[in-house]
Amino acid sequence: MRGFAVEYDIADQSLAELGGRRIEWAARRMPVLGAIRERFEREQTLAGVTIGACMHVTTETANLMLVLRAGGAAVTLCASNPLSTQDDVAAALVAEGIPVYAIRGEDAGTFYRHIDAVLDTNPDLVFDDGADMTTVLHEARSDQPILGGMEETTTGVIRLRAMASDDVLRFPVVAVNDSDTKHLFDNRHGTGQSSLDGILRASNILFAGKNVVVAGYGDCGLGIAQRADGLGAKVIVVESNPVRALAAAMDGHRVMTTDEAGPLGDVFITATGDIHVFRKQHFDVMKDGVILANAGHFDVEIDLKALSEMAVGYRELRDNLGEYTLEDGRRLLVVAEGRLVNLGAAEGHPADVMDMSFADQALAAEWLKENGASLEPKVYVLPQDLDHEVARLKLESMGGGLEQLTDEQIEYLNSWQHGT
Ligand code: NAI
């Protein structure tokens, strides 16, 4: 669409003022990113760099885009999920002069046209969340030169590592997800809290006393289980990895198979990155009125095709709460069409935690700008000193003190001669 200050394709430009206020509120809770912004602005760290981003269009992402632009980059943004776009945020960014191609609820064709629009700007660096843009750059646009990429989420990193092991990855990518200051906080505390927030906004149920089945006990599942436990739910964990299943058991949760959990659960939440975790054989035995939600990246964890085929009726019972009626009269409810529940039915992760993830992203862009040309096409993690710097700044902003080791302690910890 042409006619405004920039080319863009968004739902409603009149929402810009609301989006601007919400972006400002998020910025206040992102002190680490704010400190990076000051330095980037002063040093024009990203001058001359063109950036294409495929990310959830939220208030936090907006702040990352503004930081990159303050650092001198030309930035264009599209959505990394058809249902996560906050249309007011898209409008506010366009009003700021940042081109955005994202409309909440866009169909698959529009989703990919928007990725193309961003790639048409010939970015040097790409920011991805789930590796959809990177995949386009390896299929339809395999000749387009790219200096390097950043990947935000676990599922995206898994896809990139698969490309690297197939020897097809053609530019270096930083697995931002794998920084400790990302996955140990964003995935645990961010997804943990906001996934329950999404279920609550869609259903307004009481968690206390409910059997909540959490599938996957990785960083996201652990966070979800912890928060559900805190609300008084009886948590059941389903895990395929024995160490993580054991960890769940020792954290006080019941651990069982999906078949065993099927008839027991009141709420089912998937966070595995896997396909068809809950499927026909489980729908067959679930109780009337159960709620199903997915926190994993793609909408494949709950087999909605099978559920639709089993259903004799469907209606949208409340906003973001779809009700499938089965032949025997049981009703199964699905939040946000089985897409990322925290982004589809709530606002995604709070800014306080995205502060660290997006500080990592900004530092990764700086690192790739400086080193990208000499790197092999592999998946990299950010150097640990940058990870620690983000943690130090966040702790400082929260008023926490960090112990400094004495020379004697450093010498002791680095020596093997000290014994009994
Ligand atoms: P992870 O790899 O740490 O954990 C996934 C766990 O699921 C693993 O322990 C694995 O053994 C288990 N698992 C896999 N298939 C299973 C199955 N069929 N049944 C039971 N357990 C199974 O991944 P992480 O970081 O927890 O992420 C999970 C998903 O959430 C990914 O798709 C990731 O991209 C997404 N994610 C979503 C966010 C959001 O905002 N909603 C934020 C961050 C990640």
Side-chain angles (χ1 to χ4, degrees), residues 16-47 49 51 53 55-77 86 88-98 100 125 127 129 150 152 174 176-177 179-191 193-194 343 347-370 382-402:
E17 207 264 337
L18 170 65
R21 273 187 278 128
R22 295 204 315 112
I23 292 169
E24 183 196 321
W25 168 235
R28 282 191 224 167
R29 290 176 293 129
M30 302 180 88
V32 182
L33 193 62
I36 291 172
R37 179 183 175 136
E38 278 173 25
R39 180 171 68 78
F40 274 22
E41 202 158 14
R42 200 173 54 243
E43 297 174 1
Q44 284 299 289
T45 310
L46 298 173
V49 178
I51 288 176
M55 306 184 83
H56 301 298
V57 181
T58 62
T59 54
E60 295 78 21
T61 300
N63 279 298
L64 174 62
M65 297 300 113
L66 292 168
V67 170
L68 300 173
R69 205 223 355 222
V75 185
T76 311
L77 173 67
Q86 297 170 7
D88 58 334
V89 170
L93 280 175
V94 167
E96 281 281 341
I98 293 182
V100 179
L125 298 177
F127 285 71
D129 187 331
M150 265 69 54
E152 168 76 5
V174 177
V176 173
N177 181 75
S179 294
D180 285 346
T181 46
K182 200 282 185 184
H183 69 103
L184 292 180
F185 301 90
D186 166 313
N187 301 26
R188 283 191 190 173
H189 300 288
T191 310
Q193 176 174 310
S194 62
L343 284 141
E347 293 170 66
H349 295 173
D352 317 61
V353 79
M354 294 314 291
D355 188 22
M356 289 188 283
S357 310
F358 286 171
D360 290 331
Q361 288 277 12
L363 295 179
E366 179 182 24
W367 186 75
L368 268 182
K369 185 203 167 196
E370 283 165 14
L382 263 189
Q384 198 187 49
D385 57 325
L386 297 180
D387 208 0
H388 280 196
E389 178 64 3
V390 170
R392 198 186 58 73
L393 287 171
K394 188 68 180 177
L395 184 69
E396 200 175 277
S397 80
M398 294 169 73
L402 192 64

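Values below: all heavy atoms of this structure, side chains included; hydrogens, waters and symmetry mates excluded. Predicted model only: the values in this text are computed from it and were never measured.
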Candidate pair E389 and D385, rule side chain to side chain contact (heavy atoms under 4.5 Å, CB included), full reasoning: CA-CA 6 Å; E389 178 64 3; D385 57 325; over 6 Å; no

T45 side, atom OG1; I36 side, atom CD1 - distance, nearest 0.5 Å: 10.0 Å

Polar side-chain atom of R22 near backbone of D88 as donor-acceptor pair, under 3.5 Å: no

Gap between atom CD of E38 and atom CG of L33 - 0.5 Å precision: 11.0 Å

CG on L66 to CD on E41, rounded to 0.5 Å: 10.5 Å

Sidechain N-carboxylate O distance under 4.0 Å for R392, E396: yes

Inter-residue atom distance L368.CG - L363.CG, 0.5 Å rounding: 11.5 Å

Greater than 12 external heavy atoms within 6.0 Å of E366's CD: yes

Shortest non-hydrogen contact between V353 and G190, atoms and distance: CG1-CA, 3.9 Å

Minimum side-chain heavy-atom gap M354-R29 below 4.5 Å: no

For the student: nearest non-hydrogen atoms of V89 and T59, plus distance: CG2-CG2, 3.7 Å

Shortest non-hydrogen separation from I98 to V75 and the atoms involved: CG2-O, 3.7 Å

Exam field: side chain Q44 to backbone A70, donor-acceptor pair closer than 3.5 Å: yes

Any side-chain heavy-atom pair of F358 and M65 under 4.5 Å: no

Distance-minimising heavy-atom pair for A92 and G19: CB-C, 3.7 Å

Any S357 side-chain heavy atom under 4.5 Å of H183 side chain: no

Rounded distance [0.5 Å steps], CG in L46 versus CG in L68: 6.0 Å

Note, L93 side chain near T61 side chain (heavy atom, < 4.5 Å): no

Minimum heavy-atom distance S179-L382, with the two atoms named: OG-CB, 3.8 Å

Geometric cation-pi criterion R21 and W25, 6.0 Å radius, 45° cone: no

Polar side chain donor-acceptor pair, Q86 to E347, under 3.5 angstrom: no

Main-chain N/O of Q361 paired with K182 side-chain donor or acceptor, under 3.5 Å: no

Non-hydrogen atoms of F40 and A362 that approach each other most closely: CZ-O, 3.5 Å

Min side-chain heavy-atom separation V390-D355 under 4.5 Å: no

D360 side, atom CG; M150 side, atom CE - distance, nearest 0.5 Å: 11.5 Å

Any donor-acceptor N/O pair, D387 side chain to D180 backbone, under 3.5 Å: yes

